[in-house]
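Please read the structure below before turning to the comments.
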Amino acid sequence: MPEKFLKPYDSTATESRIYAEWEKSGLFNPDECVKQGVTKADAPTYSIVLPPPNVTGRLHMGHALMLAVEDIFVRFKRMQGFRTLWVPGTDHAAIATQSVVEKQIKKDEGKNRHDLGREELLKRIETFAAESHDTIIGQLKTMGASLDWSREAFTLDETRTRAVRKVFKEMYDAGLIYRGLRIVNWDPKGQTTISDDEIVYQEEKSTFYYLKYGPFTIGTARPETKFGDKYVVMHPNDSRYADWKDGQKIDLEWINGPITATVVKDESIDMEFGTGVMTITPWHSIVDFDIAERHELDKEQIIDERGKLLPIAGEFVGMKIVEARAKIVEKLRVKGLLEKEESYVHNIATAERTGGIIEPQIKLQWFVDVNKEVIGRGKTLKEMVIEPMRSGAIKIVPEYFEKTYFHWVENLRDWCISRQIWYGHRVPVWYKGDDISVGIEPKEEGWMQDEDTLDTWFSSGLWTFSTLGWPEQTDDLKNYHPTDLLETGYDILPFWVMRMILMTEFTLNTIPFKTVYLHGLVRDAQGRKMSKSLGNNLDPLEITAKFGADAARMALIVGNTPGTDMRMSEDKIKGYKHFANKLWNVARFVLSQERTGEMRADLKAEFDALIVGVTNDIEEFRTYMAAEKLYHYVWHRFADEIIEESKNKAEYGATLYYILENSLKLLHPFMPFVTEEIYQSMPYKETGFLMTAPWPVVE
RNA sequence: GCGCGGUUAGCUCAAUUGGUAGAGCGUCACAUUGACGUUGUGAAUGUUAUAGGUUCAAGUCCUAUACCGCGCACCA
């Protein structure tokens, strides 16, 4: 028996050494597995593409969970003999990364991005991104992730840029990408548009004002936008206003003097709300914009990009909206136009990254049209993202999230893909006078590229196939796409999962993956979200240093059903550190015995049932149950009972070795390090590494 | 407003799709000088949120109610 077994299991010393050996062997790469004869050249493939972590710093426990789950499936399939590929990569995460760096520069040097200029800011972001990248790669390895590093990708590298440009051009040529003057979510703090998904609603107590508007009383929470309101809208079926005709003109006294208003009848008005009459501000309200579009009404900007009032506000010009509001209300009161005030609670839209209060604005932006029929395909993009889910070509684990998915897709509107930030894929469009070139940069002088960049989800939407080399028709693409599994957090089901399906259906006319496995949030022991401000973060690096990656992985897997949030505590992880040591001692005992005697048929049958159970559990995505079964068997059956019975009885030898060896195999996807380390000391080995040993099969 | 999920032992969660409610942690008692600093044996705790229904059989299916959490939309 090797001397190392005389001491308790030391995860720290073992894990980094073992990972280096695996990496050196090249066996994370399926081609190398074939070359070294551990995988058959014609074996079926299994592939996962890693959801790329943002290069915004370091990984958290949610990432650790993602890695644990994916590595379990990858190691399981590799041992089963599949040509198994797990592609690593990172995400430039445009707005998230830029705002982290901008905040830092603001703090250190008191400068904003315009002080630095585009080129200098990009240089700074790239330096930061490179550092984050290295930190993250180190963390991925610490967790034991068996990723094929020879295929690493970045959402903003050269290959991915080619893919982005090609897809953009194809969508543009198909008439699905258009540039239009449309109302968008403008973040005055971040100075950029953001998508609907990047908005966080916050409850706020505010005042609701009833104002006299000629013969009507209108309700509003935002008197500061009302300067330009010259349309008064009501429901066509509202009997209270039946005498007023659509298009009728009314002269009335308004904030800054007399105006002429026009009556508009529109069915979107809620007769129950307020007085059933409202005026509209199409430039700064999505609903009002839609009404204005339907009736072809004028639109006028009231508030500028920095959140200040424009000259139309008269004496209030240049004021910030918050301070202007009180003064405008006061003026309305003096003029006798303020009828009454009520307090009410509503949700204000804020930008997820900057906290800025969203001000809708009409801007010239690029959009993806989700409701237009795609030529030659007979359906819209929206239909394309519904279909594979309906037909069962893609299934979600847990299944009930499919309902959430459909609910979300039904509310899908045209996707605004341009951003006024600098870090990211620049919109691949060049202008020269009235000429426009899409997707390809013209060689001649005088062409200017669009200033904007693309929403980060545009490039991540291509992730499953851009990582495999598309637009080249690579072998990887042929062999590994569609991928088998997408494993990610349920919180990005709509943003990312839906967009990958959209992009892949459009570009390749196929699905990006067959199964979507959604994990939940990792919370602290009290069930609170982990956050910097609460200081309840568990840092995966600290955890692995203290308890080992094997223990962290088990703690993340046991008792954690897909789609459900879980609670994590150091105590739980400690428990599995103990388990790693228990396994270590089991090995110590077995290795001290002679491998003699007949196999005990009853014990073998019992173990074989475990093999079948665990295999089925993993195949059917019940990793939490497989892990628990193994824990229970190894500790309370094998160690407590079988080994106890066997003491001083030489005829158990062969049985003990059988159980140990196969327990190591079954446990390997869950606890790769300690199992590999023990396997290396087994007197009989089928292969160099447990990692590529054959998965146990019951005849 | 529309939708989704949850409610099971003191705590955290399971229950392989309708077949005797189980694990981990915690608690209590006992044991333990050689595989185990991280050990073992045993014990207690359940009207499965509530009320009905279907069924030979319900934690599981149906209806309603209550509470908790979440998503989406709206918010003049």
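Every value quoted in this text rests on a predicted model; they were computed, and no experiment measured them. First the proteins, then the strands, lettered A, B, ... as listed; each starts at 1.
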* Asked: A:Asp571 has an atom CG; how far is it from atom P of B:rG10, in whole Å?
  -> 20 Å

* Rounding to a whole Å, what distance do you find between A:Tyr624:OH and B:rG24:C1'? -> 15 Å

* Asked: Is A:Thr561 touching bases, backbone alone, or none of the nucleic acid, heavy atoms closer than 4.0 Å?
  -> sugar-phosphate

* **A:Glu620 CD - B:rU16 P separation (whole Å)** => 12 Å

* Heavy atoms under 4.0 Å, any strand shown: does A:Asp270 hit a base, just sugar-phosphate, or nothing? -> base

* Please confirm whether any donor atom in the side chain of A:Lys403 sits under 3.5 Å from an acceptor in the base of B:rC4, or the reverse. => no

* To do: Tell me whether B:rU55 sits syn or anti, counting syn as a glycosidic angle within 90° of 0.
  => anti

* A:Lys335, NZ: over 12 other non-hydrogen atoms inside 6.0 angstrom -> yes

* **Heavy-atom neighbours of A:Lys212 NZ exceed 12 at 6.0 Å** => no

* Check whether more than 12 heavy atoms from other residues, nucleotides or ligands sit under 6.0 Å from atom NZ of A:Lys331, and answer yes or no. => yes

* Asked: With sugar-phosphate meaning primed atoms plus P, OP1 and OP2, does A:Phe401 contact a base, only sugar-phosphate, or nothing at under 4.0 Å between heavy atoms?
  -> nothing

* Please determine if a side-chain N or O atom of A:Lys647 lies less than 4.0 Å away from the OP1 or OP2 oxygen of B:rA35. => yes

* Could you check whether A:Val287 gets within reach of a base, just the sugar-phosphate, or nothing at all, counting any heavy atom under 4.0 Å? => sugar-phosphate

* Structure fact -> Base-paired stretches in RNA chain B with three or more consecutive Watson-Crick or G-U pairs, both distances under 3.5 Å, amount to B:1-7 with B:66-72, B:10-13 with B:22-25, B:27-31 with B:39-43, B:49-53 with B:61-65

* Any side-chain heavy atom of A:Asp565 sitting closer than 4.5 Å to one from A:Tyr490? -> yes

* To do: Would you indicate, yes or no, if B:rG24 has its OP1 or OP2 atom less than 4.0 angstrom from a side-chain nitrogen or oxygen of A:Lys574?
  => no

* To do: State whether A:His407 places a side-chain N or O below 4.0 Å from either non-bridging phosphate oxygen (OP1 or OP2) of B:rA73.
  => no

* Structure fact -> Those residues at least two apart in sequence (or on a different chain) that pass side chain to side chain contact (heavy atoms under 4.5 Å, CB included) with A:Glu628 are A:Val558

* To do: Take atom CD of A:Glu399 as the centre, draw a 6.0 Å sphere, and report whether it contains more than 12 heavy atoms from other residues, nucleotides or ligands.
  => no

* Asked: Which part of the nucleic acid, if any, lies within reach of A:Ile280 when heavy atoms closer than 4.0 Å are counted: base, sugar-phosphate only, or nothing?
  -> nothing

* Asked: Which part of the nucleic acid does A:Ala221 contact within heavy-atom distance under 4.0 Å: base, sugar-phosphate only, or nothing?
  -> sugar-phosphate

* May I ask you to decide whether A:Glu341 forms a salt bridge with A:Arg333, counting only side-chain N to carboxylate O separations under 4.0 Å? => yes

* When all nucleic acid strands are considered with a 4.0 Å heavy-atom cut-off, which category describes A:Glu644: base, sugar-phosphate, or nothing? -> base

* Asked: B:rA15 P sits how many Å from A:Lys629 NZ, rounded?
  -> 11 Å

* Below 4.0 angstrom from OP1 or OP2 of B:rU12, is there any side-chain N or O of A:Arg567? -> yes

* Asked: Do any side-chain nitrogens or oxygens of A:Thr564 fall under 4.0 Å of OP1 or OP2 in B:rG6?
  -> no

* How would you label the contact of A:Asp640 with the nucleic acid (heavy atoms, under 4.0 Å): base, sugar-phosphate, or nothing? -> sugar-phosphate

* Asked: For A:Met566, which contact category applies under a 4.0 Å heavy-atom criterion: base, sugar-phosphate, or nothing?
  -> nothing

* To do: Please state how far atom CD in A:Glu628 lies from atom C1' in B:rU12, giving the value in whole angstrom units.
  => 11 Å

* Can you spot which of A:Ile269, A:Val277, A:Asp266 makes a side chain to side chain contact (heavy atoms under 4.5 Å, CB included) with A:His235? => A:Ile269

* With sugar-phosphate meaning primed atoms plus P, OP1 and OP2, does A:His284 contact a base, only sugar-phosphate, or nothing at under 4.0 Å between heavy atoms? -> nothing

* Asked: How is A:Leu591 classified with respect to the nucleic acid when contacts are heavy atoms under 4.0 Å: base, sugar-phosphate, or nothing?
  -> nothing

* **Distance test, side-chain N/O of A:Tyr9 to OP1/OP2 of B:rC36, below 4.0 Å** => no

* Asked: Using a cut-off of less than 4.0 Å, is there contact between a side-chain N or O of A:Trp635 and OP1 or OP2 of B:rG40?
  -> yes

* Asked: Which part of the nucleic acid, if any, lies within contact of A:Phe5, taking any heavy atom under 4.0 Å across all strands shown: a base, the sugar-phosphate backbone alone, or nothing?
  -> nothing

* To do: Could you check how far CG of A:Leu493 sits from C1' of B:rC70, rounded to whole Å?
  => 13 Å

* Once you round it to whole Å, what is the distance between P of B:rA15 and NE2 of A:His632? -> 16 Å

